[in-house]
Peer 1: 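Take this structure, written in structure tokens, and hold onto it; I'll ask about it next.
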Amino acid sequence: VQLQASGGGLVQAGGSLRLSCAASGRTFSNYAMGWFRQAPGMDRVFVASISRDGGWQYYAHPVMGRFTVSRDNADNTVALQMSSLKPTDTAVYYCAFYIGSESDLPYGKTDDYDYWGQGTQVTVSS
């Protein structure tokens with residue numbers, strides 16, 4: 001099982017980036033997916049989640065209205081479109097498979113995910 005995140009980089013405040021995560025080794029459409037981020041010296045925190053069919057999405061408050069999560073089950077990918085980026089968005093971004101309870105919305109707990117992948121660095125300059 002693998003998750004390969006890509007699309008990170010250096011961007012100025014107010015700019016945009018699109019992250020992508022390619023999954024393999026599992027039936028992708030069987031899993032809700034999540035995006036998390038980890039800033040230096042900080043815990044990994046929830047950013048967004050998306051249901052198995054893409055029908056609903058949840059977002060952490062700091063990114064609500066600026067980030068959009070989507071998925072393509074035919075292509076086994078999940079994406080995170082980030083706009084109006086702020087220096088506080090600087091972190092390594094990770095995608096992961098949700099393996100927790102279906103009822104435990106918004107799927108925000110790191111312990112309910114596995115196969116995190118290597119992450120992709122996002123740096124937002126002021």
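It should be emphasised that the depicted structure is a prediction, and the values quoted were computed from it without experimental measurement. Here, residue 1 is the first one in the sequence, and each next residue gets the next number.
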Peer 1: When rounded to the nearest 0.5 angstrom, what is the spacing between CG in Asn73 and CG in Asn30?
Peer 2: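 Between Asn73 CG and Asn30 CG, I get 9.0 Å after rounding to 0.5 Å.
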
Peer 1: For residues 74-85, which side-chain donor-acceptor pairs fall under 3.5 Å, sequence neighbours excluded?
Peer 2:
| residue | atom | partner | partner atom | Å |
| --- | --- | --- | --- | --- |
| Gln81 | OE1 | Arg18 | NH1 | 3.4 |
| Ser83 | OG | Arg66 | O | 2.8 |

Peer 1: Would you say the side-chain atoms of Arg71 pair up with the backbone N or O of Phe28, donor to acceptor, closer than 3.5 Å?
Peer 2: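 Such a contact is found between Arg71 side chain and Phe28 backbone.
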
Peer 1: Under 4.5 Å side-chain heavy-atom separation, chaining through any Ile, Leu, Val, Met, Phe, Trp or Tyr, what else clusters with Val45? Say none if it is isolated.
Peer 2: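 Via sub-4.5 Å side-chain contacts, Val45 links to none.
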
Peer 1: In this structure, which one of Asp89, Thr120, Thr90 forms a side-chain hydrogen bond (donor to acceptor under 3.5 Å, both in side chains) with Arg37?
Peer 2: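 Looking at Asp89, Thr120, Thr90, the match for Arg37 under the side-chain hydrogen bond (donor to acceptor under 3.5 Å, both in side chains) is Asp89.
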
Peer 1: How long is the gap from SG on Cys21 to CD on Gln4, to the nearest 0.5 Å?
Peer 2: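 The CD atom of Gln4 is 8.0 Å from SG of Cys21, to the nearest 0.5 Å.
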
Peer 1: Step through the shown structure and confirm whether more than 12 heavy atoms of other residues, nucleotides or ligands are within 6.0 Å of CE on Met42.
Peer 2: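 Incorrect, the count does not exceed 12.
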
Peer 1: In Å and rounded to the nearest 0.5 Å, what is the OH to CH2 distance from Tyr93 to Trp35?
Peer 2: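 One finds 10.0 Å between OH of Tyr93 and CH2 of Trp35.
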
Peer 1: Counting only pairs under 3.5 Å, give me each side-chain donor-acceptor contact of residues 108-117, with atom names and distances, residues two or more places apart or in other chains.
Peer 2:
| residue | atom | partner | partner atom | Å |
| --- | --- | --- | --- | --- |
| Lys109 | NZ | Asp104 | OD2 | 3.3 |
| Tyr113 | OH | Tyr107 | O | 2.5 |
| Asp114 | OD1 | Arg26 | NH1 | 2.9 |
| Asp114 | OD2 | Arg26 | NH2 | 2.8 |

Peer 1: Can you list the steps and then say if Tyr94 with Phe36 is a ring pair (Phe, Tyr, Trp, His ring centres under 6.0 Å)?
Peer 2: CA-CA 5 Å; Tyr94 299 89; Phe36 287 71; 8.9 Å; no

Peer 1: Check whether any side-chain heavy atom of Val122 sits under 4.5 Å from a side-chain heavy atom of Leu19, and report yes or no.
Peer 2: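 Yes; the side chains approach each other to less than 4.5 Å.
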
Peer 1: How close do Ser125 and Leu10 get, heavy atom to heavy atom, and via which atoms?
Peer 2: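 Reported closest heavy-atom pair: CB-CD1, 4.3 Å.
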
Peer 1: Using only atom types and a distance under 3.5 Å, with no angle test, would you say the side chain of Thr27 pairs donor to acceptor with the backbone of Ser29?
Peer 2: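 Pair absent, no side-chain N/O of Thr27 close to backbone of Ser29.
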
Peer 1: Do any side-chain atoms of residues 47-62 form donor-acceptor pairs under 3.5 angstrom with protein atoms, and if so which ones, sequence neighbours left out?
Peer 2:
| residue | atom | partner | partner atom | Å |
| --- | --- | --- | --- | --- |
| Ser49 | OG | Pro106 | O | 2.7 |
| Ser51 | OG | Asp53 | OD1 | 2.9 |
| Ser51 | OG | Gly54 | N | 3.3 |
| Ser51 | OG | Gly55 | N | 3.0 |
| Ser51 | OG | Trp56 | N | 3.2 |
| Arg52 | NH2 | Glu102 | OE2 | 3.0 |
| Asp53 | OD1 | Gly55 | N | 2.8 |
| Gln57 | NE2 | Gly54 | O | 2.8 |
| Tyr59 | OH | Val69 | N | 2.9 |

Peer 1: Is there a path of hydrophobic side-chain contacts, each under 4.5 Å between heavy atoms of I/L/V/M/F/W/Y residues, joining Val124 to Met64?
Peer 2: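 Yes, it is one cluster - the side chains of Met64 and Val124 are joined through contacts under 4.5 Å.
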
Peer 1: If you look at every heavy atom in Pro87 and Ala13, which pair is closest and at what distance?
Peer 2: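 In terms of heavy atoms, the two residues are closest at CD-CB, 4.1 Å.
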
Peer 1: Examine Val92 and Phe46 and state if one hydrophobic cluster contains both, with Ile, Leu, Val, Met, Phe, Trp and Tyr joined whenever side-chain heavy atoms are less than 4.5 Å apart.
Peer 2: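 Shared cluster, yes.
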
Peer 1: For Ser24, give me all partners under side chain to side chain contact (heavy atoms under 4.5 Å, CB included), at least two apart in sequence or on another chain.
Peer 2: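 For Ser24, the residues satisfying side chain to side chain contact (heavy atoms under 4.5 Å, CB included) (neighbours in sequence not counted) are Gln2.
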
Peer 1: State which residues pass ring-ring contact (aromatic ring centres under 6.0 Å, His included) with Phe67; sequence neighbours excluded, sorted by chain then number.
Peer 2: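 For Phe67, no residue satisfies ring-ring contact (aromatic ring centres under 6.0 Å, His included) once neighbours in sequence are set aside.
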
